[in-house]
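Sequential numbering from 1 along the given sequence is applied to the chain's residues. We count ligands from 1, going down the list as the structure has it; atoms in each ligand are counted the same way. Computed over heavy atoms, backbone and side chain alike; hydrogens, waters and symmetry mates excluded.
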Amino acid sequence: MLKVTRATFDEVMVPNYNPAAVIPVRGAGSRLWDQQGKEYIDFACGIAVTALGHCHPKLVAALTEQAHRLWHLSNVMTNEPALRLAKKLTEATFAERVFFCNSGGEANEAAFKLARRYGNTLREGKNEIVAFYNAFHGRTLFTVSVGGQEKYTKGFEPLPGNITHLPFNDLESLEAHLSEKTCAVVIEPVQGEGGIIPATREFLEGARRLCDRHQALLIFDEVQTGMGRSGKLYAYEHYGVVPDVLTTAKGLGGGFPVGAMLTTKKYAEVLPFGTHGSTYGGNPLACAVAEAVLDTVNDPALLAGVSARAQRLREGLDAIGRRYGIFEPSRGLGLLIGAPMSAAWKGKAKDVVNAGLRHGVWCLVAGPDVLRIAPSLIIPEADLAEGLKRLDAACAELAANAMGKASSA
Ligand SMILES: *Cc1c(COP(=O)(O)O)cnc(C)c1O
């Protein structure tokens, strides 16, 4: 087989990523092994994707069984795995209708297109989309434009118009801004890429009330918070606030690319035959895997385990933060956890990730100032403890190096 290394990346890949120095080649549960055989505890799950760890037997079985049966039909024909998954998603949530696609960005693209058609059909000029600073909704031109981070839109102008950004969790500014011209308000129940910032209950309840007042759709982007990560199947359940449209991806396929937009019967009718589509959306392989994920995750015992693990992990993380003064008390919902860097370590979350990799634990950042932890929803206690131990060692090294630098300066 052709020999490839991290150096190959720089020779043959578009440089839009800067991957870690190591290349994992095998995974099992919450452990990974790289080309050199070095082991890592996985506190990242890709980016909150492999919700059931690596190579979960039920997912491997679902994928291989379907691989021997039928791979692809397109949407000229429907297929059994897609119909079963849609039925189960509608039974498990507020939704009555499902649109399948291949990623979170595509799920949001569908949601925003639905919102525009809904508004434009209702009344001329009703097509403003309201979103929030630091939001992240994907990397298509429409979704980066709705997202609230300029670094992702810079240089890609002209951008789609009539999108407004407001401060997150600021109900007053939302109330002051919303009008009959607004067709949708788009919210991540916990801002993920923006730094693991949970919405307040007051904010989501208020957004629901204001959307009803102005006939605007309330869209929840649950691409990162969904499929059990929050400790409920979908994070909206924590808040008791039901959206009109919900997007889900990441954990939905447990590592197999799949996304979905969920909505009600009424709003689904905004997208009649021919108005939107995807060649691969609802692919039998993807839907067979996602069905196995949903069957496994939508279980009270598993979801209770998420909350228990989250508590244990946050206690461990906060203890490390106190010991070395590198980060502040953690925040988040369920197993989507952010630890903000302390004042002295501002901008250096990536240093913690790199030190962690040296010590055999894989964590993430959420922006330059927040360490993000998003392990498997079923990470075994032993792996959780070992991961914390390795992260502790990584932080000890960073703190010792910083001391050395300070005393030699
Ligand atoms: C990751 C993410 C997306 C984009 O999903 P892709 O599968 O990368 O297109 C959208 N919204 C949120 C909240 C995300 O975390």
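- A distance-only check finds a donor-acceptor pair linking the side chain of Glu96 to the backbone of Lys265 [under 3.5 Å].
- Checked against a 6.0 Å centroid threshold, the rings of Tyr152 and Phe136 count as neighbours.
- Each of the atoms 4 (C), 10 (C) of ligand 1 lies under 4.0 Å from some heavy atom of Gly138.
- Atom CZ of Arg69 has 12 or fewer neighbouring heavy atoms from other residues, nucleotides or ligands inside a 6.0 Å radius.
- Counting non-hydrogen atoms of other residues, nucleotides and ligands closer than 6.0 Å to CD of Glu124 gives a total of 12 or fewer.
- Contacts between Asn108 and ligand 1, counted as non-hydrogen atom pairs separated by less than 4.0 Å, involve the side chain only.
- Closest to atom 1 (C) of ligand 1, if we only count protein heavy atoms, is Lys250 NZ, 1.5 Å.
- Which parts of ligand 1 touch Asp221 is read off a 4.0 Å heavy-atom cut-off, strictly below it: atoms 10 (C), 11 (N), 12 (C), 13 (C).
- Scanning the protein heavy atoms around atom 7 (O) of ligand 1, the nearest turns out to be Gly104 N, 2.8 Å.
- Atoms of ligand 1 lying under 4.0 Å from any heavy atom of His137, numbered from 1 in the order shown and given with element: 10 (C), 11 (N).
- In Ser103, the parts holding a heavy atom less than 4.0 Å from any atom of ligand 1 are both the side chain and the backbone.
- For ligand 1, the polar-atom distance check finds no N/O of Ala249 at less than 3.5 Å from any of the ligand's N/O atoms.
- Looking from atom 9 (O) of ligand 1 to the surrounding protein, the closest heavy atom is Gly105 N, 2.6 Å.
- In this structure, Arg213 pairs ionically with Glu175, as a charged nitrogen and a carboxylate oxygen lie closer than 4.0 Å.
- Sparse packing is recorded around NZ of Lys87, with 12 or fewer heavy atoms of other residues, nucleotides or ligands lying under 6.0 Å away.
- Those atoms of ligand 1 that come under 4.0 Å of a heavy atom in Gln224, given as number and element, are 15 (O).
- Remark: the backbone N or O of Gly192 is paired with a side-chain donor or acceptor of Glu188 at under 3.5 angstrom.
- Closest heavy-atom approach to atom 13 (C) of ligand 1 among the candidates Glu188, Gln191, Glu109: Glu188.
- Taking the centre of each ring, Phe94 and Tyr236 come in below the 6.0 Å mark.
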